[in-house]
Amino acid sequence: MDKHDVARILEDIALFLSIQGENPFKVRAYQNAARSIEDIDEAIETLIAENRLKDVPGVGDKIRWKIEALVLKGSLPFYEKLKKEVPPGLLELMDVPSLGAKKVKQIYDAFEIQSVEQLVEACENGQLSTLKGFGPKTIENILRNIENLKAYGKRMLWWDAKKLAYAMREKLSKLKQVKKVEIAGSFRRKLETVGDLDFLVASNDPEFVMNWFSKQPSVEKVQARGPTKSSVRLKGGLQADLRVVPEEEFAYALLYFTGSKDFDIFLRQRANQLGFTLNEYGMQPLLGKRKKNPVCKTEEAIFQSLKLSYIPPELREGAASIDAAEKGKLPKLVEEQDLRGTFHCHTADSDGHNTLTEMAAAAEELKWEYLGIADHSKSSYQANGMDEKRLFNQIDRIKEINQSRKFKVYLLAGLECDILNDGTLDFPNEVLKHLDYVITSVHRSFKMSEKEMTARLIKAIENPFTTMIGHVTGRLLLRRDPYLVNLPKIIDACIANGKIIELNAYPSRLDMDWRFWHHAAEKGLMCSINPDAHSTDELQYCSAGINCARKGWLEKKHILNTFPLAKVKSYLLENKQNTH
DNA sequence: GCCGTTTTCGGCCCGACTGTTTTCAGTCG
């Protein structure tokens, strides 16, 4: 049982307790503990063994004992008892928007409804409307929300949402009634997937802006509409919220609506400690406190009055960045213009769309100093993987291009080499030694046990010719789960062997996940941001990788492809020399 | 159930919107 399982069970316990009508603060205590557990970046067994679970914020004695029972014994009687008392179907009902613990309990107590199907039936046959508080509109909403949940319950990749978001922002910014506009929420925090878009506008004429917004051709349905806030569903299913505020409140509203929710809570608690109350409209002294009322026009100023340095949106996920901001120890995050090249690009020699020279020209246009070509190896026959002959031919052509000095960009001869089932590589070291670098990746046999997969990867990491591990968990966001692998062990093995883990910037991969980078880089892991480009256009995926790297607290010094060419060459050469 | 530089008890972020009811509870973010 790992931390995710523990966190999920704590979340479930919170839901069960809320359905039972427990004290809402007790419910929140379990939710807080779940979040804290999710945030820890060590093996939970280690924390227990070293008696450090008590240091995790939000975990007191009672919850700690429960976590220890879960991890050490594999079960928790308290949780089993709750599962018996509260039918598990009620958790599914809690997923329906507009249904919370109170209503779910109410309909269960009245009619023993414990599944979405039963609920639909009760709505349609009029049973539900006999309950207090369930008028015709409530019933209609429940039915529509169930429909939406089935059709649109999914999130969207940040990269895909970007087009919709920027187009709407552009149109809003052109209205003369609009003084400022920003996209807030998880989109601004650059989360890899988003569930909705939050537009924030400063205007003196909210009525006009709301009307304009709800009548946009991209709006499929208006779901809620008040004087300063409306909520719509866009064509394609994504929900979008618009909030209109006076210009003087804009900074406070932007801070608030950027979230995350947890981050906002921590900030408000901090404001309280300093004698203020903070909300989306401003910051006031708490009752009875003799304090001056700070007026802030920017987020920077608000952070300042909270005695914090400015925290970039990407880092607003939990309390860690607040601690760092308090101590003046926030990282200087990597930026897109820091990139001087990249390493994981395919050409028409395997399954890419463009030739070597086309890719080189595109990289030159990006003002990069170097471009690493890493086509597939022979076992990836589905991707037209290269055999030795074709590989050597490609290496020769790369040398020719470099010698011709036709491009300002320098091409590096690499390979995306398959990791076979037993952890050996697709080519012998005799072949690999002719390359500038080698990315090793798993492309098949995903369904191994965690133990087998971890051993397989570690064997590849220990191969002297491996430079970096490609898309380390194989996940495809919103489509395929990561394969089972013990990432902390992989990270440690890479550090011990001087190997890099790539940050695969393909928008549906973003693998390794940003949640692991902060701690891993601190321990000494090196990163490389690689677009996994299969065409010249896809080189721009690097910017999705930058988003993820920033969320992972990475700075220039952690990322190989921010180094100038000479330093990259010596880095790669040094790694090869260690192979003797 | 957690937590503590006024506290080991009494707080716990805070406001908008909806629907149903005439002053509020529930849900959401």
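In this text, all values refer to a predicted model and were calculated from it rather than measured experimentally. All values below were derived from every heavy atom in this structure, side-chain atoms included, with hydrogens, water molecules and symmetry-related copies excluded. Below, read A as the first sequence line, B as the second, and so on, with proteins coming before strands; counting in each chain starts at 1.
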| query | Rounded to the nearest Å, what distance is computed from the OH atom of residue Tyr252(A) to the P atom of nucleotide dG15(B)? | reply | 14 Å
| Syn/anti state for dT7(B) [syn: chi within 90° of 0] | syn
| remark: To the nearest 0.5 Å, atom CE of Met210(A) lies from atom OG of Ser230(A) at 4.0 Å
| task | Would you indicate, yes or no, if dA16(B) has its OP1 or OP2 atom less than 4.0 angstrom from a side-chain nitrogen or oxygen of Tyr281(A)? | result | yes
| task | Check whether the side chain of Tyr256(A) and the base of dG29(B) form a donor-acceptor pair under 3.5 Å. | result | yes
| field | First encountered from the 5' end of DNA chain B, between Pro227(A) and Pro136(A) | value | Pro227(A)
| query | Do any side-chain nitrogens or oxygens of Thr228(A) fall under 4.0 Å of OP1 or OP2 in dC17(B)? | reply | yes
| Gap in Å between the two C1' atoms, one belonging to dC12(B) and one to dT7(B), rounded | 13 Å
| request: Sticking with atom P, work out how far dT20(B) lies from dC14(B), rounded to a whole angstrom. | output: 30 Å
| Euclidean distance for C1', dC28(B) against dT22(B) (whole angstrom) | 24 Å
| message | For the C1' atoms, the ones on dT5(B) and on dG1(B), what distance do you get once it is rounded to whole angstrom? | response | 24 Å
| request: Return the value, rounded to whole Å, for the distance between atom CG of Asn141(A) and atom C1' of dT27(B). | output: 11 Å
| Using a cut-off of less than 4.0 Å, is there contact between a side-chain N or O of Lys261(A) and OP1 or OP2 of dC14(B)? | no
| request: For Glu280(A) and dC14(B), give me the distance from atom CD to atom P, rounded to whole Å. | output: 11 Å
| message | Between the side chains of Glu299(A) and Arg316(A), is the shortest nitrogen-to-carboxylate-oxygen separation below 4.0 Å, so that they form an ion pair? | response | yes
| message | If the test is salt bridge (charged side-chain N to carboxylate O under 4.0 Å, His left out), which one of Lys162(A), Arg509(A), Arg155(A), Arg515(A) qualifies with Glu192(A)? | response | Arg515(A)
| said: Just to be sure I understand the rule, does Lys66(A) reach a base, reach only the sugar-phosphate, or reach nothing, if contact means heavy atoms closer than 4.0 Å? | reply: sugar-phosphate
| query | Rounded to the nearest 0.5 Å, how far does OG1 of Thr228(A) lie from CD of Glu249(A)? | reply | 9.5 Å
| field | Under 3.5 Å: donor-acceptor pair, side chain of Asn272(A), backbone of Phe276(A) | value | yes
| Of the nucleotides dG1(B), dC17(B), dT20(B), which one has an atom closest to the side chain of Lys137(A)? | dT20(B)
| request: Among the candidates dC12(B), dT27(B), dC2(B), find the nucleotide nearest to the side-chain atoms of Ala29(A). | output: dC2(B)
| request: Would you jot down, in residue-number order, the residues of residues 85-101 of chain A having a non-hydrogen atom under 4.0 Å from DNA chain B? | output: Val96(A), Pro97(A), Ser98(A), Leu99(A), Gly100(A), Ala101(A)
| query | Under 30°, 30 to 60°, or over 60°: which ring-plane class applies to Phe303(A) and Tyr310(A), parallel, tilted or perpendicular? | reply | perpendicular
| field | Side-chain donor-acceptor contact under 3.5 Å, Lys105(A) with Gln20(A) | value | no
| More 5' along DNA chain B: Lys229(A) or Arg268(A), using each one's nearest nucleotide? | Arg268(A)
| What is the distance, rounded to the nearest whole Å, between atom CZ of Arg243(A) and atom P of dA16(B)? | 7 Å
| Selection from dG26(B), dC2(B), dC17(B) that lies nearest to any side-chain heavy atom of Ile63(A) | dC2(B)
| field | Test side chain to side chain contact (heavy atoms under 4.5 Å, CB included) applied to Ile40(A) and Leu47(A), step by step | value | CA-CA 9 Å; Ile40(A) 62 175; Leu47(A) 287 185; 3.5 Å; yes
| field | Gap in Å between the two C1' atoms, one belonging to dG15(B) and one to dG10(B), rounded | value | 24 Å
| field | Whole-Å C1' distance, dT8(B) and dC2(B) | value | 12 Å
| task | In whole angstrom, give me the gap between the C1' atoms of dT23(B) and dT18(B). | result | 15 Å
| said: Using a strict threshold of under 4.0 Å (side-chain N to carboxylate O), is an ion pair present between Arg233(A) and Glu220(A)? | reply: yes
| request: Rounded off to whole Å, could you give me the CG-to-C1' distance for the Leu197(A) and dG29(B) pair? | output: 15 Å
| note | Whole-Å distance, Lys54(A) NZ to dC3(B) C1', equals 16 Å
| query | When you check the phosphate oxygens OP1 and OP2 of dT20(B), does a side-chain N or O of Thr138(A) lie under 4.0 Å from one of them? | reply | yes
| message | Measuring to OP1 and OP2 of dG1(B), would you say a side-chain N or O of Asn23(A) lies under 4.0 angstrom away? | response | no
| query | What integer distance in Å separates Phe266(A):CZ from dC12(B):P? | reply | 16 Å
| said: Just N and O in the side chain of Lys102(A): are any of them under 4.0 Å from OP1 or OP2 of dG26(B)? | reply: yes
| query | If we call it a pair only when both distances are under 3.5 Å in a Watson-Crick or G-U wobble match, what pairs with dT8(B)? | reply | none
| query | Between Leu131(A) (CG) and dA25(B) (P), how many Å, whole number? | reply | 18 Å
| query | Looking at Asn279(A), does any N or O in its side chain come under 4.0 Å of the phosphate oxygens OP1/OP2 on dG15(B)? | reply | yes
